[in-house]
Amino acid sequence: MTDKKTIRVVVAGPRGRMGSETIRMIAKAEGLDLVAAIDHNHDGERIEDLLGVAGLSGRVYADSDACFSNEEVDVLIDFTNPEAGKQNLQKAIDYGVRPVIGTSGFTNEEVKSYRSQMNDKKLGGIIAPNFAIGAVLVMKFSQMAAKYFPDAEIIELHHDKKKDAPSGTAIKTAELMMKTRESKKQGAPDEKETLPGARGADFDGMRIHSVRLPGLIAHQEVLFGGKGELLTLRHDSMDRASFMTGVYYATKTVMDLDTLVYGLENILD
Ligand SMILES: NC(=O)C1=CN([C@@H]2O[C@H](COP(=O)(O)OP(=O)(O)OC[C@H]3O[C@@H](n4cnc5c(N)ncnc54)[C@H](O)[C@@H]3O)[C@@H](O)[C@H]2O)C=CC1
Ligand SMILES: O=C(O)C1=N[C@H](C(=O)O)C[C@H](O)C1
């Protein structure tokens, strides 16, 4: 790991559920310094006034160009939405700032294109669909299990303010499972949906179901069915603090990378 003392961090989406949690984490973390935040509103405000938390350093920029040209920044952490996340990531690359992207909605093709730009600049960064260690382990265990249980269904459950479905985690889980699972269309060959959508989304013949309810935070179950047996893998994030170990670790680690990594599992020991 780098011996550089303090990593200067900008957070995009500071008023959001994840952005505000990340700022609280940075304020307590050793070796991280919050230099600014990017928010399409509130230009020029102090972050501590924006969040109503005394003792936070840095100001808000509505424009990422202004932020990256006025401030010395090592790492951008983004928890916004797919459109803003892509713009912020591109600006970070342009300015040689290392991106740590938690925002969902990046396709494999987009990841490849950002990676190619970052390889040219030898710039490190990560896009992680889920920063919770337990969620990453469920993805890895699902990849292992899919080799032996090609009949599987993913059920992801989230709070009812979530805008994207299925979750980035469910898509990444399915992609990892696809590496070991024999491609097959599940269910009865002649099954019919009498209500459209009843069988969920189709990913290479496997089904993904999205549940949205108040009271939930972020949860995923992967069910594997075999002859006379059922294997269930489940992870629950019951607090957004569950993501912060991964965000902190990723922020430290990108300082020593020279490419774009997709998925926290690729930087865990
Ligand atoms: N990778 C992970 O472990 C996790 C990823 N997520 C993802 O992070 C994203 C954010 O999630 P939440 O914090 O729950 O959403 P949220 O809706 O609470 O926060 C998003 C924030 O982004 C702000 N925003 C919108 N446009 C912006 C722009 N152009 N510049 C700066 N800020 C802008 C909004 O005002 C809002 O405050 C989602 O894509 C979600 O799927 C959420 C939890 C964990
Ligand atoms: O929006 C959320 O809350 C979450 N989004 C990410 C996703 O889409 O997978 C990660 C986690 O599930 C929480």
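Hydrogens, waters and symmetry mates play no part in the numbers below; they use all other heavy atoms, side chains included. Computed from a prediction, not measured in an experiment: that's the story for all the values here. Start at 1 and go down the list; that is how both ligands and their atoms are numbered.
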Starting from [atom], locate the nearest protein heavy atom and write down its residue, its atom name and how far away it is, to 0.1 Å.
{"atom": "atom 10 (C) of ligand 1", "answer": "T80 O, 3.3 Å"}
{"atom": "atom 12 (O) of ligand 2", "answer": "H158 NE2, 2.6 Å"}
{"atom": "atom 35 (O) of ligand 1", "answer": "H40 CE1, 3.3 Å"}
{"atom": "atom 1 (O) of ligand 2", "answer": "K162 NZ, 2.9 Å"}
{"atom": "atom 3 (O) of ligand 1", "answer": "F131 N, 2.8 Å"}
{"atom": "atom 7 (C) of ligand 2", "answer": "G168 N, 3.4 Å"}
{"atom": "atom 19 (O) of ligand 1", "answer": "G16 CA, 3.2 Å"}
{"atom": "atom 29 (N) of ligand 1", "answer": "A84 CB, 3.3 Å"}
{"atom": "atom 42 (C) of ligand 1", "answer": "M18 CG, 3.5 Å"}
{"atom": "atom 3 (O) of ligand 2", "answer": "H159 NE2, 2.9 Å"}
{"atom": "atom 31 (C) of ligand 1", "answer": "I38 O, 3.2 Å"}

Measuring only between side-chain heavy atoms, which start at C-beta, is [X] closer than 4.5 Å to [Y]?
{"X": "V100", "Y": "D78", "value": "no"}
{"X": "V73", "Y": "V75", "value": "no"}
{"X": "R199", "Y": "H209", "value": "yes"}

*Answer yes or no for E156: is there a heavy-atom contact with ligand 2 below 4.0 Å?*
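So E156 does not count as touching ligand 2.
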_Contact check, I171 vs ligand 2, heavy-atom distance below 4.0 Å_ =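 For ligand 2, residue contact (heavy atoms, under 4.0 Å) with I171 is absent.
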Any nitrogen or oxygen of [X], main chain or side chain, under 3.5 Å from a nitrogen or oxygen of ligand 1?
{"X": "R17", "value": "yes"}
{"X": "N88", "value": "no"}
{"X": "G102", "value": "yes"}
{"X": "A132", "value": "no"}
{"X": "G19", "value": "no"}
{"X": "A12", "value": "no"}
{"X": "K162", "value": "yes"}

Residue part near ligand 2, for [X], under 4.0 Å between non-hydrogen atoms:
{"X": "A218", "value": "side chain"}
{"X": "Q220", "value": "neither"}
{"X": "T169", "value": "both"}
{"X": "P129", "value": "backbone"}

Side chain, backbone, both or neither: the part of [X] lying under 4.0 Å from ligand 1 by heavy atom:
{"X": "F79", "answer": "both"}
{"X": "T103", "answer": "both"}
{"X": "P129", "answer": "backbone"}
{"X": "A128", "answer": "backbone"}
{"X": "N81", "answer": "side chain"}
{"X": "S104", "answer": "both"}

Proximal ligand 1 atoms for [X], defined as those under 4.0 Å from one of its heavy atoms:
{"X": "G13", "value": "22 (O), 31 (C), 32 (N)"}
{"X": "N130", "value": "1 (N), 2 (C), 3 (O)"}
{"X": "R15", "value": "35 (O), 37 (O)"}

Salt bridge or not between [X] and [Y]? Use side-chain N to carboxylate O under 4.0 Å.
{"X": "K185", "Y": "D202", "answer": "no"}
{"X": "D151", "Y": "K184", "answer": "yes"}
{"X": "R8", "Y": "D33", "answer": "no"}
{"X": "R234", "Y": "D236", "answer": "yes"}
{"X": "D190", "Y": "K192", "answer": "no"}
{"X": "K172", "Y": "E265", "answer": "yes"}
{"X": "D39", "Y": "R15", "answer": "yes"}
{"X": "E110", "Y": "K86", "answer": "yes"}

*Donor on one side chain, acceptor on other, Y114 and Q90, under 3.5 Å*: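 No donor-acceptor contact under 3.5 Å links the two side chains.
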*asked:* Given the ring of F203, does R207 sit roughly above its face, with NZ or CZ under 6.0 Å from the centre of the six-membered ring and within 45° of the axis?
replied: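 Judged by the rule (NZ or CZ under 6.0 Å from the ring centre, within 45° of its axis), R207 is not positioned above F203.
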*asked:* Please confirm whether the ring centroid of F68 lies under 6.0 Å from the ring centroid of Y95.
replied: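 Ring centres of Y95 and F68 closer than 6.0 Å.
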*Mind checking whether E83 has a heavy atom under 4.0 Å from ligand 1?*
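No, E83 has no heavy atom closer than 4.0 Å to ligand 1.
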*Apply side chain to side chain donor-acceptor pair (under 3.5 Å) to T173 and Q220, showing your working.*
CA-CA 10 Å; T173 306; Q220 178 165 282; 2.9 Å; yes
For [X] and [Y], work out which heavy atoms get closest and say how close.
{"X": "V136", "Y": "N130", "result": "CG2-O, 3.5 Å"}
{"X": "S242", "Y": "S237", "result": "OG-OG, 2.9 Å"}
{"X": "A36", "Y": "C67", "result": "CB-SG, 4.0 Å"}

*asked:* Let's go through E156 and H158 carefully: what are the C-alpha distance in whole Å and the side-chain angles of both, what is the deciding distance for side chain to side chain donor-acceptor pair (under 3.5 Å) to 0.1 Å, and is it a yes or a no?
replied: CA-CA 7 Å; E156 56 92 342; H158 281 82; 2.8 Å; yes
